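Source: prediction; values computed, not measured. Chain identifiers are assigned alphabetically (A, B, ...) following the order of the sequence lines, protein sequences preceding nucleic acid strands; residue numbering begins at 1 within each chain.
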Amino acid sequence: MSRLMEKPTEYVLCNALSSCAKTMNWHFGVQIHANMIRSGYENNMFLSTALVDFYAKCFCIVDAKKIFRAMKVHDQVSWTSLIVGFSANKLGREAFLLFKEMLGTRIRPDCFTLTSVVNACVGENGVVNPCSSLHVHVIIRGFDTSNFVISSLVDCYASCGRIDDAVLLFNETNEKDTVIYNTMISGYCQNMYSEDALKLFVEMRGKNMSPTDHTVSSILSACSRLAVLVEGKQVHSLVIKMGFENVFVNGALIDMYSKGGDIDEARSVLDQTSRKNTVLLTSMIMGYAQCGRSLEALEFFDYLLTEQKLIPDHVCFSAVLTACSHAGFIDKGEEYFNKMITDHGLSPDIDQYTCLIDLYARNGDLRKVRDLMEEMPYDPSFIIWSSILSACKIYGDVELGREAANQLIKMEPCNAAPYLTLAHIYARQGLWNELSEVRSLMQQRVKGKSAWSWV
DNA sequence: ACCCGATGTC
(Lines give C-alpha, C1' and ligand atoms only; values in the text may rest on other atoms or scores of the structure.)
Protein backbone atom coordinates (compact mmCIF):
# COMPACT_ATOMS: atom_id res chain seq x y z
CA MET A 1 0.00 0.00 0.00
CA SER A 2 2.71 2.50 0.95
CA ARG A 3 4.58 1.82 -2.31
CA LEU A 4 1.40 2.41 -4.25
CA MET A 5 0.69 5.61 -2.36
CA GLU A 6 4.18 7.04 -2.96
CA LYS A 7 3.68 8.18 -6.52
CA PRO A 8 0.05 7.90 -7.44
CA THR A 9 -1.05 9.57 -10.62
CA GLU A 10 -3.77 12.23 -10.65
CA TYR A 11 -5.97 9.69 -12.37
CA VAL A 12 -5.63 7.19 -9.51
CA LEU A 13 -6.24 9.79 -6.81
CA CYS A 14 -9.30 11.08 -8.60
CA ASN A 15 -10.92 7.67 -8.80
CA ALA A 16 -9.95 6.91 -5.22
CA LEU A 17 -11.59 10.15 -4.03
CA SER A 18 -14.69 9.35 -6.03
CA SER A 19 -14.90 5.95 -4.34
CA CYS A 20 -14.45 7.57 -0.92
CA ALA A 21 -17.30 9.93 -1.76
CA LYS A 22 -19.59 7.08 -2.79
CA THR A 23 -18.83 4.99 0.30
CA MET A 24 -18.57 8.06 2.58
CA ASN A 25 -15.15 6.90 3.72
CA TRP A 26 -13.88 10.07 5.37
CA HIS A 27 -10.76 8.55 6.93
CA PHE A 28 -9.35 7.31 3.67
CA GLY A 29 -10.42 10.42 1.77
CA VAL A 30 -8.53 12.86 3.99
CA GLN A 31 -5.40 10.75 3.58
CA ILE A 32 -5.78 11.07 -0.17
CA HIS A 33 -6.21 14.82 0.28
CA ALA A 34 -2.93 14.91 2.24
CA ASN A 35 -1.22 12.83 -0.43
CA MET A 36 -2.56 15.16 -3.07
CA ILE A 37 -0.96 18.15 -1.35
CA ARG A 38 2.34 16.27 -0.89
CA SER A 39 2.35 15.33 -4.57
CA GLY A 40 1.81 18.93 -5.64
CA TYR A 41 -1.55 18.31 -7.31
CA GLU A 42 -3.38 21.09 -5.48
CA ASN A 43 -4.17 23.05 -8.60
CA ASN A 44 -5.59 20.16 -10.55
CA MET A 45 -9.21 21.07 -11.27
CA PHE A 46 -10.41 17.49 -11.63
CA LEU A 47 -8.93 16.52 -8.29
CA SER A 48 -10.26 19.61 -6.55
CA THR A 49 -13.71 18.88 -7.92
CA ALA A 50 -13.51 15.31 -6.68
CA LEU A 51 -12.51 16.74 -3.27
CA VAL A 52 -15.52 19.07 -3.23
CA ASP A 53 -17.74 16.10 -3.99
CA PHE A 54 -16.00 13.94 -1.37
CA TYR A 55 -16.24 16.45 1.49
CA ALA A 56 -19.84 17.29 0.69
CA LYS A 57 -20.89 13.63 0.58
CA CYS A 58 -19.21 13.15 3.98
CA PHE A 59 -21.29 16.07 5.29
CA CYS A 60 -18.24 18.32 5.64
CA ILE A 61 -19.88 21.06 3.60
CA VAL A 62 -17.63 23.75 5.11
CA ASP A 63 -14.55 21.99 3.77
CA ALA A 64 -16.24 21.45 0.42
CA LYS A 65 -16.98 25.17 0.17
CA LYS A 66 -13.41 26.05 1.16
CA ILE A 67 -11.92 23.83 -1.57
CA PHE A 68 -14.35 25.21 -4.16
CA ARG A 69 -13.56 28.84 -3.27
CA ALA A 70 -9.82 28.19 -3.38
CA MET A 71 -10.03 26.87 -6.95
CA LYS A 72 -8.66 29.24 -9.59
CA VAL A 73 -10.72 27.84 -12.46
CA HIS A 74 -14.09 26.19 -12.50
CA ASP A 75 -16.04 24.24 -15.07
CA GLN A 76 -19.64 23.00 -15.20
CA VAL A 77 -18.72 19.93 -13.19
CA SER A 78 -17.11 21.80 -10.30
CA TRP A 79 -20.08 24.17 -10.00
CA THR A 80 -22.47 21.24 -10.18
CA SER A 81 -20.53 19.29 -7.57
CA LEU A 82 -20.97 22.01 -4.97
CA ILE A 83 -24.64 22.45 -5.91
CA VAL A 84 -25.13 18.69 -5.39
CA GLY A 85 -23.15 19.03 -2.15
CA PHE A 86 -25.45 21.72 -0.78
CA SER A 87 -28.41 19.62 -1.81
CA ALA A 88 -27.08 16.51 -0.05
CA ASN A 89 -26.60 18.62 3.07
CA LYS A 90 -30.21 19.84 2.83
CA LEU A 91 -29.10 23.38 1.96
CA GLY A 92 -31.46 23.86 -0.96
CA ARG A 93 -31.41 27.63 -0.72
CA GLU A 94 -27.64 27.79 -0.86
CA ALA A 95 -27.68 25.43 -3.85
CA PHE A 96 -30.05 27.79 -5.64
CA LEU A 97 -27.97 30.86 -4.76
CA LEU A 98 -24.85 29.14 -6.06
CA PHE A 99 -26.68 28.35 -9.29
CA LYS A 100 -27.55 32.03 -9.66
CA GLU A 101 -23.90 32.93 -9.03
CA MET A 102 -22.90 30.46 -11.72
CA LEU A 103 -25.24 32.18 -14.20
CA GLY A 104 -23.12 35.32 -13.73
CA THR A 105 -20.00 33.56 -15.01
CA ARG A 106 -19.15 32.47 -18.52
CA ILE A 107 -19.70 28.82 -17.59
CA ARG A 108 -23.11 27.67 -18.83
CA PRO A 109 -25.17 25.14 -16.87
CA ASP A 110 -25.62 21.74 -18.51
CA CYS A 111 -28.32 19.16 -17.82
CA PHE A 112 -26.41 17.81 -14.85
CA THR A 113 -26.43 21.29 -13.31
CA LEU A 114 -30.13 21.82 -13.94
CA THR A 115 -31.14 18.39 -12.66
CA SER A 116 -29.10 19.02 -9.54
CA VAL A 117 -30.37 22.51 -8.78
CA VAL A 118 -33.98 21.46 -9.39
CA ASN A 119 -33.46 18.47 -7.18
CA ALA A 120 -31.99 20.73 -4.49
CA CYS A 121 -35.19 22.76 -4.52
CA VAL A 122 -37.41 19.72 -3.95
CA GLY A 123 -39.12 20.21 -0.64
CA GLU A 124 -37.96 23.81 -0.31
CA ASN A 125 -41.02 25.56 1.03
CA GLY A 126 -39.33 28.91 1.46
CA VAL A 127 -40.95 32.12 0.34
CA VAL A 128 -41.47 30.99 -3.21
CA ASN A 129 -40.21 27.71 -4.58
CA PRO A 130 -38.12 28.58 -7.65
CA CYS A 131 -39.31 25.64 -9.79
CA SER A 132 -40.91 27.91 -12.39
CA SER A 133 -37.84 30.04 -12.92
CA LEU A 134 -35.69 26.93 -13.13
CA HIS A 135 -38.18 25.51 -15.62
CA VAL A 136 -37.60 28.61 -17.76
CA HIS A 137 -33.84 27.96 -17.77
CA VAL A 138 -34.52 24.36 -18.74
CA ILE A 139 -36.59 25.46 -21.74
CA ILE A 140 -34.16 28.21 -22.80
CA ARG A 141 -31.23 25.82 -22.83
CA GLY A 142 -33.25 23.13 -24.59
CA PHE A 143 -32.97 20.53 -21.85
CA ASP A 144 -36.70 19.83 -21.85
CA THR A 145 -35.96 16.67 -23.80
CA SER A 146 -33.84 15.23 -21.00
CA ASN A 147 -35.76 12.73 -18.93
CA PHE A 148 -33.45 13.40 -15.99
CA VAL A 149 -34.33 17.09 -15.98
CA ILE A 150 -38.05 16.49 -16.56
CA SER A 151 -38.43 13.95 -13.78
CA SER A 152 -36.71 16.20 -11.26
CA LEU A 153 -38.93 19.13 -12.35
CA VAL A 154 -42.07 17.00 -12.01
CA ASP A 155 -40.90 15.99 -8.55
CA CYS A 156 -40.14 19.61 -7.64
CA TYR A 157 -43.56 20.87 -8.71
CA ALA A 158 -45.31 18.02 -6.92
CA SER A 159 -43.27 18.41 -3.74
CA CYS A 160 -44.29 22.03 -3.31
CA GLY A 161 -47.94 21.20 -3.84
CA ARG A 162 -48.15 22.44 -7.45
CA ILE A 163 -49.64 19.19 -8.66
CA ASP A 164 -51.38 20.86 -11.63
CA ASP A 165 -48.08 22.15 -12.96
CA ALA A 166 -46.52 18.74 -12.44
CA VAL A 167 -49.35 17.10 -14.42
CA LEU A 168 -49.07 19.71 -17.18
CA LEU A 169 -45.36 19.07 -17.61
CA PHE A 170 -45.89 15.31 -17.40
CA ASN A 171 -48.59 15.40 -20.08
CA GLU A 172 -46.60 17.53 -22.51
CA THR A 173 -43.56 15.27 -22.30
CA ASN A 174 -43.53 12.93 -25.27
CA GLU A 175 -41.09 10.17 -24.60
CA LYS A 176 -42.00 9.33 -21.01
CA ASP A 177 -39.83 6.68 -19.41
CA THR A 178 -40.52 4.57 -16.34
CA VAL A 179 -38.83 6.99 -13.98
CA ILE A 180 -41.04 9.89 -15.10
CA TYR A 181 -44.10 7.71 -14.55
CA ASN A 182 -42.80 6.71 -11.13
CA THR A 183 -42.13 10.34 -10.25
CA MET A 184 -45.64 11.39 -11.29
CA ILE A 185 -47.23 8.50 -9.39
CA SER A 186 -45.24 9.39 -6.30
CA GLY A 187 -46.17 13.07 -6.76
CA TYR A 188 -49.86 12.13 -6.77
CA CYS A 189 -49.30 10.07 -3.61
CA GLN A 190 -47.48 12.90 -1.81
CA ASN A 191 -50.40 15.20 -2.57
CA MET A 192 -53.02 12.65 -1.49
CA TYR A 193 -54.33 12.09 -5.00
CA SER A 194 -54.32 8.37 -4.42
CA GLU A 195 -56.96 7.55 -7.04
CA ASP A 196 -55.00 9.43 -9.72
CA ALA A 197 -51.90 7.50 -8.71
CA LEU A 198 -53.78 4.24 -9.26
CA LYS A 199 -55.18 5.48 -12.61
CA LEU A 200 -51.70 6.35 -13.83
CA PHE A 201 -50.48 2.94 -12.77
CA VAL A 202 -53.23 1.34 -14.85
CA GLU A 203 -52.28 3.57 -17.80
CA MET A 204 -48.67 2.52 -17.41
CA ARG A 205 -49.62 -1.15 -17.50
CA GLY A 206 -51.84 -0.51 -20.53
CA LYS A 207 -48.81 0.88 -22.37
CA ASN A 208 -46.90 -2.29 -21.56
CA MET A 209 -44.38 -0.41 -19.46
CA SER A 210 -42.88 -2.58 -16.78
CA PRO A 211 -43.40 -1.32 -13.25
CA THR A 212 -40.40 -1.31 -10.95
CA ASP A 213 -40.01 -1.76 -7.22
CA HIS A 214 -40.36 2.04 -6.94
CA THR A 215 -43.68 1.94 -8.78
CA VAL A 216 -45.14 -0.71 -6.54
CA SER A 217 -44.02 0.90 -3.29
CA SER A 218 -45.81 4.13 -4.26
CA ILE A 219 -48.87 2.26 -5.46
CA LEU A 220 -49.02 0.24 -2.25
CA SER A 221 -48.89 3.41 -0.20
CA ALA A 222 -51.79 4.76 -2.32
CA CYS A 223 -53.69 1.52 -1.62
CA SER A 224 -53.04 1.86 2.09
CA ARG A 225 -54.32 5.47 2.12
CA LEU A 226 -57.46 4.38 0.30
CA ALA A 227 -57.67 1.27 2.50
CA VAL A 228 -58.38 -0.80 -0.62
CA LEU A 229 -57.24 -4.22 0.42
CA VAL A 230 -58.45 -5.98 -2.75
CA GLU A 231 -56.32 -3.82 -5.06
CA GLY A 232 -53.46 -3.96 -2.59
CA LYS A 233 -53.52 -7.74 -2.66
CA GLN A 234 -53.39 -7.68 -6.47
CA VAL A 235 -50.28 -5.52 -6.27
CA HIS A 236 -48.89 -7.95 -3.72
CA SER A 237 -49.33 -10.78 -6.26
CA LEU A 238 -47.50 -8.65 -8.81
CA VAL A 239 -44.69 -8.09 -6.31
CA ILE A 240 -44.30 -11.84 -5.88
CA LYS A 241 -44.53 -12.50 -9.62
CA MET A 242 -41.93 -9.87 -10.49
CA GLY A 243 -39.68 -10.63 -7.53
CA PHE A 244 -39.70 -7.03 -6.29
CA GLU A 245 -39.13 -7.87 -2.67
CA ASN A 246 -36.93 -5.37 -0.88
CA VAL A 247 -37.24 -3.38 2.35
CA PHE A 248 -39.10 -0.52 0.68
CA VAL A 249 -41.69 -2.72 -0.99
CA ASN A 250 -42.12 -4.90 2.07
CA GLY A 251 -42.43 -1.82 4.26
CA ALA A 252 -45.20 -0.53 2.00
CA LEU A 253 -46.87 -3.97 2.06
CA ILE A 254 -46.81 -4.09 5.86
CA ASP A 255 -48.24 -0.59 6.01
CA MET A 256 -50.92 -1.42 3.42
CA TYR A 257 -52.08 -4.54 5.27
CA SER A 258 -52.06 -2.93 8.70
CA LYS A 259 -53.95 0.20 7.54
CA GLY A 260 -56.30 -2.05 5.57
CA GLY A 261 -57.16 -3.92 8.75
CA ASP A 262 -55.36 -7.20 8.09
CA ILE A 263 -52.68 -6.98 10.75
CA ASP A 264 -51.94 -10.71 10.67
CA GLU A 265 -51.14 -10.58 6.96
CA ALA A 266 -48.85 -7.62 7.73
CA ARG A 267 -47.09 -9.78 10.28
CA SER A 268 -46.76 -12.61 7.78
CA VAL A 269 -45.04 -10.25 5.29
CA LEU A 270 -42.70 -9.11 8.04
CA ASP A 271 -41.87 -12.68 9.00
CA GLN A 272 -41.02 -13.47 5.38
CA THR A 273 -38.67 -10.48 5.14
CA SER A 274 -35.12 -11.64 5.51
CA ARG A 275 -33.42 -8.34 6.22
CA LYS A 276 -35.61 -6.59 8.76
CA ASN A 277 -34.72 -3.06 9.74
CA THR A 278 -36.00 -0.66 12.39
CA VAL A 279 -38.38 0.98 9.93
CA LEU A 280 -40.19 -2.28 9.13
CA LEU A 281 -40.40 -3.28 12.78
CA THR A 282 -41.68 0.19 13.71
CA SER A 283 -44.41 -0.08 11.03
CA MET A 284 -45.44 -3.37 12.55
CA ILE A 285 -45.57 -2.00 16.11
CA MET A 286 -47.55 0.99 14.87
CA GLY A 287 -49.88 -1.40 13.04
CA TYR A 288 -50.62 -3.28 16.25
CA ALA A 289 -51.06 0.01 18.13
CA GLN A 290 -53.47 1.47 15.59
CA CYS A 291 -55.74 -1.56 15.36
CA GLY A 292 -56.14 -1.60 19.12
CA ARG A 293 -53.84 -4.55 19.83
CA SER A 294 -51.65 -2.53 22.17
CA LEU A 295 -50.54 -5.44 24.30
CA GLU A 296 -49.19 -7.24 21.24
CA ALA A 297 -47.44 -4.04 20.17
CA LEU A 298 -45.63 -3.82 23.50
CA GLU A 299 -44.89 -7.55 23.70
CA PHE A 300 -43.46 -7.45 20.20
CA PHE A 301 -41.32 -4.42 21.06
CA ASP A 302 -39.99 -6.04 24.25
CA TYR A 303 -39.26 -9.24 22.33
CA LEU A 304 -37.33 -7.30 19.68
CA LEU A 305 -35.32 -5.46 22.32
CA THR A 306 -34.32 -8.53 24.29
CA GLU A 307 -34.17 -11.27 21.65
CA GLN A 308 -33.39 -9.48 18.41
CA LYS A 309 -31.12 -6.72 19.71
CA LEU A 310 -33.26 -4.06 18.05
CA ILE A 311 -31.80 -0.57 18.31
CA PRO A 312 -34.93 1.57 18.57
CA ASP A 313 -35.02 5.13 17.23
CA HIS A 314 -37.32 8.07 17.94
CA VAL A 315 -40.06 6.91 15.59
CA CYS A 316 -40.03 3.48 17.17
CA PHE A 317 -40.73 5.05 20.57
CA SER A 318 -43.55 7.08 19.05
CA ALA A 319 -45.14 3.77 17.99
CA VAL A 320 -44.66 2.27 21.46
CA LEU A 321 -46.08 5.36 23.17
CA THR A 322 -49.02 5.38 20.76
CA ALA A 323 -49.78 1.81 21.85
CA CYS A 324 -49.68 2.91 25.51
CA SER A 325 -51.85 5.91 24.73
CA HIS A 326 -54.55 3.87 22.95
CA ALA A 327 -54.68 1.35 25.78
CA GLY A 328 -54.45 3.88 28.61
CA PHE A 329 -51.24 2.38 30.00
CA ILE A 330 -50.01 5.47 31.88
CA ASP A 331 -47.34 3.76 33.98
CA LYS A 332 -45.96 1.80 31.05
CA GLY A 333 -45.93 4.91 28.89
CA GLU A 334 -43.91 6.83 31.45
CA GLU A 335 -41.60 3.86 31.85
CA TYR A 336 -40.88 3.62 28.11
CA PHE A 337 -40.46 7.37 27.86
CA ASN A 338 -37.85 7.34 30.63
CA LYS A 339 -36.12 4.24 29.29
CA MET A 340 -35.82 5.94 25.94
CA ILE A 341 -33.60 8.53 27.61
CA THR A 342 -31.71 6.43 30.17
CA ASP A 343 -31.32 3.05 28.42
CA HIS A 344 -31.15 4.14 24.79
CA GLY A 345 -29.54 7.57 25.04
CA LEU A 346 -32.18 9.27 22.90
CA SER A 347 -33.41 12.72 23.79
CA PRO A 348 -37.12 12.81 23.06
CA ASP A 349 -38.23 15.07 20.24
CA ILE A 350 -41.59 16.80 20.04
CA ASP A 351 -43.33 13.70 18.65
CA GLN A 352 -42.65 11.62 21.74
CA TYR A 353 -43.71 14.50 24.00
CA THR A 354 -46.86 14.67 21.89
CA CYS A 355 -47.55 10.96 22.50
CA LEU A 356 -47.04 11.27 26.25
CA ILE A 357 -49.20 14.41 26.47
CA ASP A 358 -51.86 12.60 24.46
CA LEU A 359 -51.62 9.66 26.87
CA TYR A 360 -52.15 11.92 29.90
CA ALA A 361 -54.86 13.92 28.15
CA ARG A 362 -56.90 10.89 27.09
CA ASN A 363 -56.84 9.72 30.67
CA GLY A 364 -57.91 13.09 32.03
CA ASP A 365 -54.68 13.76 33.90
CA LEU A 366 -54.56 17.40 32.89
CA ARG A 367 -52.20 18.32 35.74
CA LYS A 368 -49.52 16.09 34.30
CA VAL A 369 -50.24 17.54 30.87
CA ARG A 370 -49.46 21.03 32.20
CA ASP A 371 -46.33 19.83 34.01
CA LEU A 372 -44.97 18.08 30.94
CA MET A 373 -45.65 21.11 28.75
CA GLU A 374 -43.67 23.27 31.19
CA GLU A 375 -40.85 20.77 31.18
CA MET A 376 -40.49 20.08 27.47
CA PRO A 377 -38.12 22.22 25.41
CA TYR A 378 -40.59 22.70 22.53
CA ASP A 379 -43.46 25.06 21.82
CA PRO A 380 -46.71 23.08 21.90
CA SER A 381 -47.81 22.24 18.36
CA PHE A 382 -51.25 22.28 16.78
CA ILE A 383 -51.56 18.53 17.41
CA ILE A 384 -50.71 18.93 21.11
CA TRP A 385 -53.24 21.71 21.68
CA SER A 386 -55.84 19.67 19.75
CA SER A 387 -55.38 16.65 21.93
CA ILE A 388 -55.57 18.86 25.05
CA LEU A 389 -58.72 20.53 23.77
CA SER A 390 -60.49 17.22 23.16
CA ALA A 391 -59.52 16.08 26.66
CA CYS A 392 -60.94 19.32 28.10
CA LYS A 393 -64.17 18.65 26.24
CA ILE A 394 -64.45 15.17 27.76
CA TYR A 395 -63.34 16.15 31.26
CA GLY A 396 -64.99 19.61 31.35
CA ASP A 397 -61.90 21.73 32.05
CA VAL A 398 -63.00 25.23 31.02
CA GLU A 399 -59.84 27.15 31.81
CA LEU A 400 -57.35 24.89 30.01
CA GLY A 401 -59.87 24.33 27.22
CA ARG A 402 -60.11 28.06 26.62
CA GLU A 403 -56.34 28.37 26.48
CA ALA A 404 -56.00 25.43 24.09
CA ALA A 405 -58.75 26.77 21.82
CA ASN A 406 -57.20 30.25 21.77
CA GLN A 407 -53.82 28.82 20.82
CA LEU A 408 -55.38 26.77 18.02
CA ILE A 409 -57.37 29.76 16.79
CA LYS A 410 -54.18 31.81 16.74
CA MET A 411 -52.51 29.15 14.59
CA GLU A 412 -55.43 28.54 12.20
CA PRO A 413 -58.00 31.35 12.56
CA CYS A 414 -60.27 30.00 9.83
CA ASN A 415 -60.44 26.44 11.12
CA ALA A 416 -63.90 25.98 12.65
CA ALA A 417 -63.06 22.97 14.82
CA PRO A 418 -61.57 24.70 17.90
CA TYR A 419 -64.42 27.28 18.05
CA LEU A 420 -66.96 24.47 17.98
CA THR A 421 -65.24 22.41 20.66
CA LEU A 422 -64.87 25.44 22.92
CA ALA A 423 -68.54 26.28 22.37
CA HIS A 424 -69.36 22.72 23.37
CA ILE A 425 -67.33 23.07 26.60
CA TYR A 426 -69.06 26.36 27.46
CA ALA A 427 -72.50 24.90 26.78
CA ARG A 428 -71.85 21.93 29.04
CA GLN A 429 -70.99 24.29 31.91
CA GLY A 430 -73.92 26.62 31.20
CA LEU A 431 -71.61 29.54 30.33
CA TRP A 432 -74.06 31.11 27.87
CA ASN A 433 -72.39 34.52 27.50
CA GLU A 434 -69.05 32.93 26.63
CA LEU A 435 -70.83 30.58 24.27
CA SER A 436 -72.40 33.37 22.26
CA GLU A 437 -69.08 35.23 22.17
CA VAL A 438 -67.18 32.31 20.68
CA ARG A 439 -70.04 31.65 18.27
CA SER A 440 -70.02 35.17 16.87
CA LEU A 441 -66.22 35.14 16.67
CA MET A 442 -66.43 31.98 14.62
CA GLN A 443 -69.09 33.44 12.34
CA GLN A 444 -66.93 36.50 11.69
CA ARG A 445 -63.81 34.57 10.86
CA VAL A 446 -64.82 31.26 9.43
CA LYS A 447 -67.96 32.05 7.49
CA GLY A 448 -67.69 31.51 3.79
CA LYS A 449 -64.01 30.70 3.97
CA SER A 450 -62.37 27.40 3.58
CA ALA A 451 -60.11 26.24 6.36
CA TRP A 452 -57.09 27.12 4.25
CA SER A 453 -58.17 30.45 2.86
CA TRP A 454 -55.69 32.57 4.79
CA VAL A 455 -52.79 30.97 2.93
C1' DA B 1 -10.62 11.62 -15.20
C1' DC B 2 -14.60 14.95 -11.53
C1' DC B 3 -21.04 16.05 -11.08
C1' DC B 4 -27.46 14.08 -12.36
C1' DG B 5 -33.44 11.57 -11.60
C1' DA B 6 -37.87 8.28 -8.11
C1' DT B 7 -39.43 4.53 -3.28
C1' DG B 8 -40.82 3.11 2.87
C1' DT B 9 -42.13 4.20 9.29
C1' DC B 10 -44.19 9.00 13.40
Side-chain angles (χ1 to χ4, degrees), chain A residues 9-19 21-22 44-54 56-57 67 71 74-85 87-88 109-120 122 143 146-156 158-159 177-187 189-190 211-222 224 244 246-256 258-259 277-287 289-290 312-322 349-352 354-355 383:
Chain A
T9 60
E10 291 107 311
Y11 177 85
V12 167
L13 290 184
C14 206
N15 281 311
L17 271 175
S18 167
S19 304
K22 287 190 179 80
N44 181 308
M45 184 178 64
F46 292 120
L47 270 174
S48 298
T49 300
L51 267 181
V52 169
D53 181 47
F54 158 73
K57 294 261 163 75
I67 302 283
M71 289 169 71
H74 294 110
D75 64 357
Q76 281 114 326
V77 180
S78 59
W79 283 98
T80 306
S81 295
L82 191 55
I83 289 172
V84 172
S87 175
D110 60 11
C111 36
F112 283 75
T113 319
L114 280 156
T115 306
S116 308
V117 69
V118 171
N119 190 33
V122 169
F143 294 137
S146 155
N147 281 341
F148 280 80
V149 177
I150 297 300
S151 61
S152 59
L153 261 178
V154 168
D155 188 35
C156 197
S159 78
D177 64 6
T178 310
V179 174
I180 295 185
Y181 266 93
N182 287 352
T183 310
M184 193 65 243
I185 287 173
S186 139
C189 290
Q190 284 168 38
T212 68
D213 50 345
H214 291 101
T215 325
V216 294
S217 15
S218 296
I219 286 303
L220 285 168
S221 96
S224 90
F244 282 150
N246 63 35
V247 277
F248 299 112
V249 172
N250 284 12
L253 276 172
I254 291 168
D255 192 46
M256 186 271 293
S258 64
K259 294 227 171 71
N277 64 18
T278 307
V279 172
L280 295 187
L281 299 169
T282 301
S283 285
M284 194 65 230
I285 296 168
M286 193 53 107
Q290 281 168 341
D313 61 8
H314 287 87
V315 183
C316 196
F317 276 101
S318 292
V320 171
L321 292 169
T322 301
D349 64 33
I350 191 161
D351 288 334
Q352 291 80 52
T354 305
C355 292
I383 301 172

(request) Using a heavy-atom cut-off of under 4.0 Å over every strand shown, decide if A:Asp75 touches base, sugar-phosphate, or nothing. (result) base
(message) Heavy atoms only, 4.0 Å cut-off, all strands: where does A:Asn182 land among base, sugar-phosphate and nothing?
(response) base
(request) Check ring-ring contact (aromatic ring centres under 6.0 Å, His included) between A:Phe317 and all other residues, then give those that pass, not counting sequence neighbours. (result) A:Phe301, A:His344
(message) What's A:Gln290 touching, base or sugar-phosphate or nothing? Going by heavy atoms closer than 4.0 Å.
(response) nothing
(request) Indicate, with a heavy-atom threshold strictly under 4.0 Å, whether A:Val179 touches base, sugar-phosphate, or nothing. (result) base
(request) For A:Ser152, answer base if it contacts any base atom (sugar-phosphate contacts may also be present), sugar-phosphate if it contacts only those atoms, and nothing otherwise; contact means non-hydrogen atoms under 4.0 Å. (result) nothing
(message) Which residues pass the side chain to side chain contact (heavy atoms under 4.5 Å, CB included) test with A:Asp255, not counting sequence neighbours?
(response) A:Ser224, A:Ser258, A:Lys259
(message) Can you list everything that forms a side chain to side chain contact (heavy atoms under 4.5 Å, CB included) with A:Ser18? Sequence neighbours excluded, please.
(response) A:Lys22
(request) Mind checking A:Ser81 for me? I need base, sugar-phosphate or nothing, with any heavy atom below 4.0 Å counting as a touch. (result) sugar-phosphate
(message) If I compare all heavy atoms of A:Val122 with all of A:Cys156, which pair ends up nearest, and what's the gap?
(response) CG2-CA, 3.8 Å
(request) Select base, sugar-phosphate, or nothing to describe what A:Glu10 touches, counting heavy atoms under 4.0 Å on all strands. (result) base
(request) Look at all strands and tell whether A:Asp349 reaches a base, only sugar-phosphate, or nothing, counting heavy atoms closer than 4.0 Å. (result) nothing
(message) Categorize A:Asp351 for me: base, sugar-phosphate, or nothing, with a 4.0 angstrom heavy-atom threshold over every strand shown.
(response) base
(message) Going 5' to 3' along DNA chain B, which are the first and last nucleotides with any atom under 4.0 Å from a heavy atom of chain A?
(response) B:dA1 to B:dC10
(request) For A:Thr183, check side chain to side chain contact (heavy atoms under 4.5 Å, CB included) against everything at least two apart and list the hits. (result) A:Ser151, A:Val154, A:Asp155, A:Val179
(request) For A:Ser283, check side chain to side chain contact (heavy atoms under 4.5 Å, CB included) against everything at least two apart and list the hits. (result) A:Ile254
